[in-house]
Each structure stands twice: as structure tokens, then as C-alpha cells.
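First the structure, in the form of C-alpha cells, and then the observations on it.
Below, chain A is the first sequence line, B the second, and so on; all start at residue 1. Note that the structure is a prediction, hence the values are computed from the model and not measured.
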There are 2 protein chains.
Amino acid sequence: MANLDQQLRFAPVSPVRAYERVIEQIEAAVLDGRLRPGEHLPSERELMVQFDVGRSTIREALRVLQSNGLVRSRAGDPRGPQVQPMSSGALEKSMTMLARASALSLAELVQFRMLLEGSANQLAARLRTPEQLAEMEAALDVMRAALDKGFAEFSQADVAFHETVAKATGNTLIQICGAVVRDVVVGLIEDKIAHASDSRALMQTSLQHHANVLDAVRDGDGDRAATLARQSLYDYYAEYVPEDERAALLPLLY
Amino acid sequence: MANLDQQLRFAPVSPVRAYERVIEQIEAAVLDGRLRPGEHLPSERELMVQFDVGRSTIREALRVLQSNGLVRSRAGDPRGPQVQPMSSGALEKSMTMLARASALSLAELVQFRMLLEGSANQLAARLRTPEQLAEMEAALDVMRAALDKGFAEFSQADVAFHETVAKATGNTLIQICGAVVRDVVVGLIEDKIAHASDSRALMQTSLQHHANVLDAVRDGDGDRAATLARQSLYDYYAEYVPEDERAALLPLLY
DNA sequence: CCGGTCTACTGGTCTGACCAGTAGACTGTG
DNA sequence: CACAGTCTACTGGTCAGACCAGTAGACCGG
């Protein structure tokens with residue numbers, strides 16, 4: 001009996017549905033590069049012959065693949081469903097869902113963003129090319145110009161600046177994850193800041209912080225850039241994080 | 001004309017499919033808490049009456065919701081599709097897809113992992129509970145014991161150790177992203193290390209590095225833990241990263 | 001060269017059918 | 001009374017066939 005409990009445990013068995021095996025095959029073909037973005041799958045009626053299943057099975061598989069961003073169907077297109085370029089849309093959607101269902105706290109999101117942006121600036125400070133530095137300067141100028149155009153414009157310019165930094169790291173994952181968590185956080189907070197009475201003062205402060213970070217990046221001082229970036233995020237978002245969760249953010253500051 | 005170019009741009013219009021509106025409604029009900037995890041939706045045949053659409057439409061909607069982890073259908077269950085507890089499964093899946101599909105170089109993956117694990121250890125050093133520290137000690141013991149059981153066992157114990165650290169940060173995103181990128185990197189490298197002539201020496205070194213990191217965590221020294229963790233990853237993986245890309249990893253070390 | 005029309009497809013949706021699986025009520029038995 | 005088996009009324013998974021609206025590309029007339 002001890003034998004059974006320790007070694008011979010069985011896992012619950014679940015039937016493999018037909019549409020799942022269709023998904024598997026198409027997914028594999030896309031991931032292996034046998035199907036490249038832009039290319040087209042055969043039409044549903046053709047697929048149902050190849051897979052030897054009914055059309056509804058094919059359609060259910062395509063719906064799932066579509067919801068995962070791998071494929072897109074356009075009614076009437078004689079070329080069939082199109083393989084989509086890799087995108088972080090699905091990632092962003094599921095993260096937003098988790099955040100909305102409060103399975104992800106704002107504290108976690110901000111903490112993760114501090115971590116990412118901090119390291120991104122650290123890398124950017126050391127790896128940036130002169131052209132990339134110029135782009136960052138330009139992005140900061142746009143932010144400065146947006147000061148008088150309202151919060152929405154400013155926030156957009158803010159995001160653009162961070163994206164420029166992320167790009168300068170040369171790391172795709174940093175860019176993608178950064179963009180996703182940035183969008184989610186901004187989406188959660190935006191309203192509150194926009195309606196703050198002193199939103200202009202907040203923008204002013206934020207602008208100064210970004211300028212300081214950029215200075216560090218210009219000097220190639222990675223550690224300073226990272227620290228300033230994290231501090232800047234903390235100052236910007238801390239008040240929206242419940243007090244008892246704020247402690248978790250501090251270890252990233254000093 | 002300038003007017004048209006700057007202001008009056010129209011966005012492409014896309015028809016809203018019936019199944020999409022079904023998804024919207026159910027999704028909203030789940031996110032608003034009107035449908036709680038564990039509860040059941042009406043049967044497909046009942047839903048098709050309520051939404052006034054055909055069953056195939058209902059099914060396509062349910063397939064998407066199921067693929068997003070919101071709902072699960074079991075054939076034959078008279079209670080209908082069940083609302084699932086919130087899970088990060090979908091996030092993890094889309095993340096893995098991106099990591100696998102987007103032609104990421106090993107350098108990028110290792111860099112991202114250095115970044116994540118570094119910060120994870122930094123946070124863990126400051127936020128860990130005594131129980132979590134004990135878990136890490138235990139995980140290290142398992143690694144030590146696995147030294148003689150071959151590389152596969154050791155690698156598994158290695159991963160388990162990192163997972164313990166990630167858990168101690170208390171941050172879901174760190175855990176998920178860490179797990180994903182860890183799996184991808186390990187999957188890419190495993191073979192090469194396993195067949196290395198001096199694989200035992202590598203394991204020995206790795207074990208020592210982990211012990212050092214754990215010392216720093218035990219001392220609550222976040223910066224040291226982070227630095228050691230990053231250095232350890234670098235030493236472990238650098239030789240598999242093409243030389244000309246290795247430079248991108250250095251800014252994270254000092 | 002270009003706006004229309006035509007055509008042969010496409011995907012989106014509905015209907016109706018069959019099967020295998022499941023829960024819960026029912027049954028007969030000890 | 002407890003309980004293994006059976007029954008029943010559903011469920012979801014799958015298929016076949018139909019219809020409509022939408023699209024690309026060929027074709028046509030100016």
C-alpha cells in the first residue's frame with residue numbers, strides 16, 4: 001500500500017478531443033517555422049479534408065488559435081486563414097485579465113515594472129549607441145512639449161520614452177514584457193492620476209525624474225540609471241499601492 | 001488634405017461576430033464576479049436559447065473561453081460548463097509561445113534570466129520568511145544529493161531551487177516569467193551540458209555558487225545575492241553564448 | 001488606365017442529427 | 001438498512017448539409 005501511495009500514483013486521464021489535435025498540429029507547424037507569418041492555411045473546407053474531421057471541429061480549433069493570436073480568419077478571403085506575426089497581444093490580454101480579477105495586485109505589477117525598467121536602464125546606459133541616445137533625448141523633448149497638452153498626451157510620451165530605452169537594450173524579451181506590464185499598469189492607474197488635482201505637478205516631477213535618468217544613461221552609469229529609474233517609478237506609483245504592500249517595493253530601492 | 005492626414009484618419013472597421021459577443025458577456029460576468037469560480041454555466045443548449053444563436057456559435061465562444069482558462073467543459077456533466085478559478089496558466093502559455101516563436105537568441109534569454117533571477121534573489125534576501133529560507137536550504141540539500149544521480153536529476157533540483165527563491169519574492173509575475181524563461185533556456189542547453197566531459201565538475205561549481213547565493217540570502221544581503229546569482233548564471237551559460245553577444249551580458253555583472 | 005460587374009470561392013451561422021459520457025434517481029439484493 | 005448495479009435524462013463532442021454575406025481576382029466596357 002505504501003508502494004501505491006509513493007510510487008504508483010496514476011494521473012487523471014482526460015480524453016483528447018479532435019479539435020485539440022488539430023490545434024496541436026497547426027501550432028507545431030507555426031512554431032517550427034513550417035508556416036511563416038503572412039502565409040495562409042488552406043480553407044476550412046480543405047482543412048476538414050486533410051484532417052478528416054467535420055468543419056465544426058476545424059472551426060473550433062481555428063477559434064482557439066485565433067484567440068491565441070496565431071491566426072486570423074477573414075470572411076470571404078479566398079486565400080484562407082492567415083498566420084499572424086508573433087505578437088504580445090495574448091500575453092497582454094491574459095495579464096490584464098489576471099490583474100482585473102485581482103489575481104495580480106498592483107503592488108506586484110509595480111514591483112515587476114521597477115525590476116524591468118531598472119535593469120533596462122542599466123543595460124541601456126552601457127549598451128546604447130549614440131543614435132539611440134539621441135532618440136531618448138528626442139523622446140524626452142516630446143514629453144516636455146506634452147506638459148501643456150494634458151495628461152493623456154504626456155502619458156503617451158512617457159510610454160514612448162520607456163520604449164526607446166527598452167529598445168536600446170537590444171533585448172526582445174525586455175521590450176515585450178516591459179511594454180505589456182507598462183500598458184497594464186498605466187491602464188489601471190491612468191484615471192486616478194489624470195483626475196488628481198495636482199496632475200500638472202506630478203507631470204513636472206516625472207519629467208525631472210526622466211531627465212535625471214537620461215543623464216545617468218548619457219554618462220554610461222548603469223547603476224545610477226537603474227536606481228533612479230526604480231525610484232522614479234516608486235515615487236510615481238507608491239501612493240496607489242496599499243500601504244501594507246508598499247514594503248515589498250523597498251528592497252529594490254536601496 | 002493635411003487635415004485629413006493629421007486628424008480625420010479612420011480606423012479599419014471589422015464586423016463583430018456573434019460568438020465574440022457571447023464571449024464578451026460571459027467574460028464580463030466572470031470578471032464582475034456575477035459568476036464565481038466553481039459555479040456552472042447553463043448547458044450549451046440552454047445558452048443557445050438565452051443568447052438566441054446557434055449551438056456552433058455558443059461552442060466557439062466556449063472554446064475560446066476555455067482556452068483562456070476561464071471555463072471548462074466536461075462531456076456529459078449535466079450541470080454544464082464550470083467556471084474555473086483564476087489561474088496564470090494562460091499567461092504562462094502565451095509567454096512560452098512568445099519565447100519559443102520569436103526567434104530569441106540564447107544571449108537574450110540568458111540576459112533576461114540573469115536580470116530576473118538577480119532581482120528575485122535580491123527581493124528574496126529581504127522578504128523571505130524563516131520558513132522560506134528553510135525551504136531553500138532543503139532545496140540546496142536536494143541538489144547536493146543529486147550530484148551523484150546524474151545531470152538530469154541535478155538540473156531538476158536546480159530548477160526547484162530557483163523556484164523556491166522565486167516563490168519567496170511573493171511576486172506572481174517573477175515566478176511565472178522566471179519559470180518560463182528557465183524552462184526555455186534549460187531546454188536549449190541541457191543536452192550540451194549533459195554530454196560535456198566535465199559535467200560533474202560543472203555541477204560541483206554550480207552547487208557551490210548556489211550555496212554562496214543562499215548565504216547572501218540568509219544574511220539578508222540583497223545586493224550580494226543579486227550579484228552572485230547573476231555571476232553564477234553567467235559562468236554557467238556564457239560558454240554557450242556566441243562570443244560577440246557575450247558583451248551584452250556584462251553590464252549586469254558589475 | 002480605370003470604375004463597374006461577375007464569379008467562384010471564402011468564412012459565419014443555423015439546423016438537425018448521432019454518439020459517448022456523466023450524475024443522480026431507481027432498483028434489487030444481501 | 002447499505003450498497004452494487006441499472007436506468008434515464010440529460011450533457012458535450014462531432015458530423016453533415018444548408019444558407020448568407022463578404023472578398024479577391026478575372027473580366028468588361030468606357
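- To the nearest angstrom, P of D:dT11 lies 9 Å from CD of B:Glu46.
- Residues passing the side-chain contact (heavy atoms from CB on, under 4.5 Å) test with A:Glu153 are A:Ala146, A:Lys149, sequence neighbours excluded.
- Summarising the geometry, atom CD1 belonging to A:Ile23 is positioned 6.5 Å from atom CD belonging to A:Glu20; distances are rounded to the nearest 0.5 Å.
- Between A:Arg17 atom CZ and D:dT11 atom P there is a gap of 17 Å when expressed in whole angstrom units.
- Ionic pairing of B:Arg182 and B:Glu117 is present here: one or more N-O contacts between side-chain nitrogen and carboxylate oxygen are shorter than 4.0 angstrom.
- The backbone N or O of A:Ala166 lies less than 3.5 Å from a partner atom in the side chain of A:Thr169, making a donor-acceptor pair.
- Side-chain contact, B:Glu108 with A:Thr172: a donor N or O sits under 3.5 Å from an acceptor N or O.
- Side-chain N/O atoms of B:Arg59 include one lying less than 4.0 angstrom from OP1 or OP2 on D:dG13.
- The side chain to side chain donor-acceptor pair (under 3.5 Å) search around B:Gln132 returns B:Thr129, not counting sequence neighbours.
- A ring-ring contact (aromatic ring centres under 6.0 Å, His included) check over residues 152-175 of chain B, counting only residues at least two apart or in different chains, returns the pairs B:Phe161-B:His210, B:His162-B:His210.
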Could you list, one pair per line, each protein nitrogen or oxygen that sits under 3.5 Å from a nitrogen or oxygen of nucleotides 21-25 of chain C, together with the distance?
| from | atom 1 | to | atom 2 | distance (Å) |
| --- | --- | --- | --- | --- |
| C:dG21 | N2 | B:Gly76 | O | 3.3 |
| C:dT22 | O3' | B:Arg74 | NH2 | 3.1 |
| C:dT22 | O2 | B:Gly76 | O | 3.4 |
| C:dA23 | OP1 | B:Arg74 | NH2 | 3.1 |

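- The distance between atom CG of B:Leu41 and atom C1' of D:dT11, rounded to the nearest whole Å, is 14 Å.
- Annotation: side chain of A:Val22 is not in contact with side chain of A:Leu47 (no heavy-atom distance under 4.5 Å).
- Rounded to whole Å, atom P of D:dT11 lies 18 Å from atom CZ of B:Arg72.
- The interatomic distance linking B:Phe51 (CZ) with C:dC14 (C1') rounds to 17 Å, in whole Å.
- Side-chain nitrogen and oxygen atoms of B:Thr57 include none within less than 4.0 Å of the OP1 or OP2 phosphate oxygen of C:dG12.
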Between the protein and nucleotides 15-19 of chain C, which nitrogen or oxygen pairs are less than 3.5 angstrom apart?
| from | atom 1 | to | atom 2 | distance (Å) |
| --- | --- | --- | --- | --- |
| C:dA17 | N6 | B:Arg55 | NH2 | 3.3 |

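- Taking CZ from A:Arg100 and CD from B:Glu27, the interatomic distance works out to 8.0 Å, rounded to the nearest 0.5 Å.
- Side chain of A:Ser88 to backbone of A:Leu91: no donor-acceptor contact under 3.5 angstrom is found.
- For residues 60-70 of chain B, proximity to DNA chain D is found at B:Arg63, defined as any non-hydrogen atom under 4.0 angstrom from a strand atom.
- Note that the CD atom of B:Glu92 and the CD1 atom of B:Ile176 stand 6.5 Å from one another [nearest 0.5 Å].
- Protein atom CG of A:Asp52 is 8 Å distant from nucleotide atom P of D:dC15, rounded to whole Å.
- Put simply, CD on B:Glu44 is 17 Å from C1' on D:dA9, counting in whole angstrom units.
- Atom pair B:Ile58:CD1 and D:dG12:P shows a separation of 11 Å (rounding to whole Å applied).
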